[in-house]
There are 2 protein chains.
Amino acid sequence: MAVQKSKVTIFDVAKASGVSSSAVSYALNGKSGVSEGTRAKVLKIAHELGWKPNGAAQALAKSKTQRIGLVLGYDPKLLAVESYMMELISGLGAELEKHDYSLLVRMAVGEHAKLSIIKDWIATGNVDAMLLVNIELGDPCVTLLEEHTEMPVLAIADASVSGKLSTLSSADADAVHQAVQYLYDLGHRHIARVAGPEMLAHSYIRDSAFSDVATELGMRYRCLHTDYTPETGSEATKRLLSFSEHPTAIIYDNDVMALSGLGVATAEGITVPDELSIMSWDDSFMCTAAYPNLTAMGRDVVGTGMRAAELLLKLIDGEHVGNVMEEPYELRQRGTTGSVPAER
Amino acid sequence: MAVQKSKVTIFDVAKASGVSSSAVSYALNGKSGVSEGTRAKVLKIAHELGWKPNGAAQALAKSKTQRIGLVLGYDPKLLAVESYMMELISGLGAELEKHDYSLLVRMAVGEHAKLSIIKDWIATGNVDAMLLVNIELGDPCVTLLEEHTEMPVLAIADASVSGKLSTLSSADADAVHQAVQYLYDLGHRHIARVAGPEMLAHSYIRDSAFSDVATELGMRYRCLHTDYTPETGSEATKRLLSFSEHPTAIIYDNDVMALSGLGVATAEGITVPDELSIMSWDDSFMCTAAYPNLTAMGRDVVGTGMRAAELLLKLIDGEHVGNVMEEPYELRQRGTTGSVPAER
DNA sequence: TTGTAAGCGTTATCAC
DNA sequence: GTGATAACGCTTACAA
C-alpha cells in the first residue's frame, strides 16, 4: 500500500493481474467486457498498486478534460472589493468536486485578453465548458461563443445581454422592484443610487430597472456611477447630500460604498436612519459588522455557484438548458433604513 | 482566416505546407531542425489555418500540463470574509498568464479532502506544481509532500510550519513587533488581540510573537480567539471591554472584526481613538470605507501572489528556492489609533 | 535539412 | 469474455 514513486500504468496493473491492458481498462471503468471475477481481481490489484489514471492520457483519449474554465477580469481592486467572485467560486468548486471536475482559472490582464483566452480554450480544448461572468454591453465574447456551439457555455447575466447562450439569469430586476417598493412604503419619495461602472451589463440592467420603477411609482430618482471603491462612493454621497433638498434614501451597488456613505453621513451630522436611509446591494459580513448594521439586498451567491456547476455539467452532457432564473434576492432589513421624517 | 470548426492538427498543417509533421513541430516550437524558409512557411500556414496545439496531447507527450494547483479549504464564510485569497489568486494568475500557465482550483470539502486532492494530483499528474496555503499545525499535507519530491511545491506560510518544503515566508512576526512597538510608543501598556481560529498555523505564529513582544516590552497582553466573523469579533470585544480596567488598544486579526469592534465601542459610548485604539491586521477597502478610517497593518497580497508564481515556475525548472521572505507589512496609520489618555 | 517512426497512457474497435 | 491493436495529437530520437 506504500505510495508508488514511479507512476503506475494500466500495463503494470495488467501484468500484475495476468490480463491484458484492455481488460484492465474495462474493469476500471465499470464497463462490460470482463467477468466479475477478473474485474474484482483487477480492481484489487489496481488499488494495491495505487493506480490512478494519467490525466493527460485520459483527456487525449476521451477528448474530455474534466475541467471547467473561468476567466476573471484582472482588476485586483474590483475582485477584492466584493466577496461575490470568491463565493461564486466556492459554490462552483464544491459542486464540481462531486463530479470529479476541476476549475481552471485564468486572469484576463489587458485589453483583448478575455477574448483571446476564450479563443485559446476553444482551440486547445483545455476545458470541457466555460462559465462566462461579468459580461459587458456588446461583449464580443458572447458573439464568439455563439458561433462556437461546440463549446458548452453558461453565462451568468441578465438574459438580455447573453444572446443565444444558455444563461443563469440574475434576479436583479425583481430585486430592484422589491427594494424601491420597500422604500416607497416607508414614505420615501426621493431616492438616489450610487452605482458601479456604467459599462458593466448588470449595472445597466439595474439602471434601467431603477428608472422604470421610480417613474412608475412617481418617485424622484437620481443615479451616480462610480468604480466601486469607497473613495468614489464617498464622493458620490457628498455630491448627493450637497443639495438642500437631498434624497431621503440612498442605495449603493456594493457594501463598501454603503459603508463609506454611512461614514460621510455621520461626518456631516446627518443621522442614519432618522434623516437618511441607506441600503447596500450586496450583503457581506461587512453589513453586519458595521454600526449600525446595514440593511441590504442579499442573495445566496454560493448557491448560485452550485447551480451554475450543475447546469454546466448538463450542458456538457448535451442537455438543453436555456434560460434559468437565479434564486430571488432577499431584503434584509437592519438598522440603516427607516421611515422618512414627517416633514423636512 | 475564418475560425476552423473542426480542430486542425499538425498533420493538416504539414500537408498544407508540403512537409512532414515533425518539421511542423520543430518550426512551431522554434527548435532547430528546419530551414528558416520552411519555418516561415509553416508558421504562416499554421496561422492561416488557425492551428493551436491540443492541450491534452501536448501534456501527454511532454509530461507537462502548464498548470499550477491550488486547493482551497471549503468554508465559504472564511473565504468570503477576507479578500486575501482573491488577491492572492489575482497576483498568481496574472503572473502565470505571462508564462502560459493556468491555475487549477479545487475545493476541499470535508475532512480529509485536502490531503486526497493532493494525492490525486501526485498520481494523475494533473498539475506541474502546487501552491500550499493555510497550513494547519501538524498538517499531514506537509508530510505527504515532503515525501513526494517529484512534485514541486511552494508553501505560503511561516517557515517553522512548512518543514522541508520551499517556502514564501510571511513577515508576520516582524509585523507583530512593528505593531506592538507602535502602540507602546503611543503610551499603551495594556493591549489585547482578537485573533482568528487557534488551529491555523499563522494564528499560532502571531500568538507567539505577540506574547513575546508584549513580555519583552513589559506590557499587559490578552488574547481571545474567534472564527473570524463579526459576531464573534463583537463578542470578544464586549468581553474585553467588560472589565473596568480594560485594554487601551485592541488589534484584530481581520478587518471585519475590527469594524465590528469599532461598532461595539461606539455603542458602549467609548470614543475611538480617544479612549480606545483599534487596529486591523488586514488592510482592505473596508478600512478606508469605515468611519473613522481604520489604522491597519497592510501588505501587498497581489504582489505576494506574483512572487509565488515566479517561485513556482523556478521550482518547475528544477531550480532551488528554499525559504524566501515576503515583503514586509506596512503600518498604515489612520483614524482609529491615538495616544493613551494621560490617566484613566 | 528533412522524413519516418516510436513513444506518452488511455480508450475503443476489432477479431478471436 | 478476452486480448491484440489502432486511434488520440504531439514530441523527439533516429534515419535518410
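In what follows, chains carry the letters A, B, and so on, assigned in the order in which the sequence lines appear, proteins first and then strands, with residues in each chain numbered from 1.
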**Request:** Using five base pairs at each end, measure the axis-to-axis angle across the helix from dT1(C)-dA16(D) to dC16(C)-dG1(D) and round it to 10 degrees.
**Result:** 50°
**Item:** Per-nucleotide protein contact string for nucleotides 8-16 of chain D (B base, S sugar-phosphate only, - none; heavy atom under 4.0 Å)
**Value:** BBBBBB---
**Complete:** One should read off an interatomic distance between Trp51(B) CH2 and Asp12(B) CG, to the nearest 0.5 angstrom, of 11.5 Å
**Asked** Okay, side chain of Glu136(B), backbone of Leu200(B): is any donor-acceptor separation there less than 3.5 Å?
**Response** no
**Request:** Go through the side-chain N and O atoms of Thr38(B) and Ser35(B) and say whether any donor and acceptor fall under 3.5 Å apart.
**Result:** yes
**Contacts of type side-chain hydrogen bond (donor to acceptor under 3.5 Å, both in side chains), residue Asn323(A), not counting sequence neighbours** = Ser169(A)
**Asked** Are side-chain heavy atoms of Leu104(A) and Leu103(B) found at a separation under 4.5 Å?
**Response** no
**Length of the CD-C1' vector between Glu36(A) and dT2(D), whole Å** = 15 Å
**Item:** Ser90(A) to Pro76(B) - nearest heavy-atom pair and separation
**Value:** OG-CA, 4.0 Å
**Message:** For Cys141(A), is there any backbone N or O sitting under 3.5 Å from a side-chain donor or acceptor partner on Asp139(A)?
**Reply:** yes
**Asked** Would Lys52(A) and Asp120(B) pass as an ion pair if we require N to O under 4.0 Å?
**Response** yes
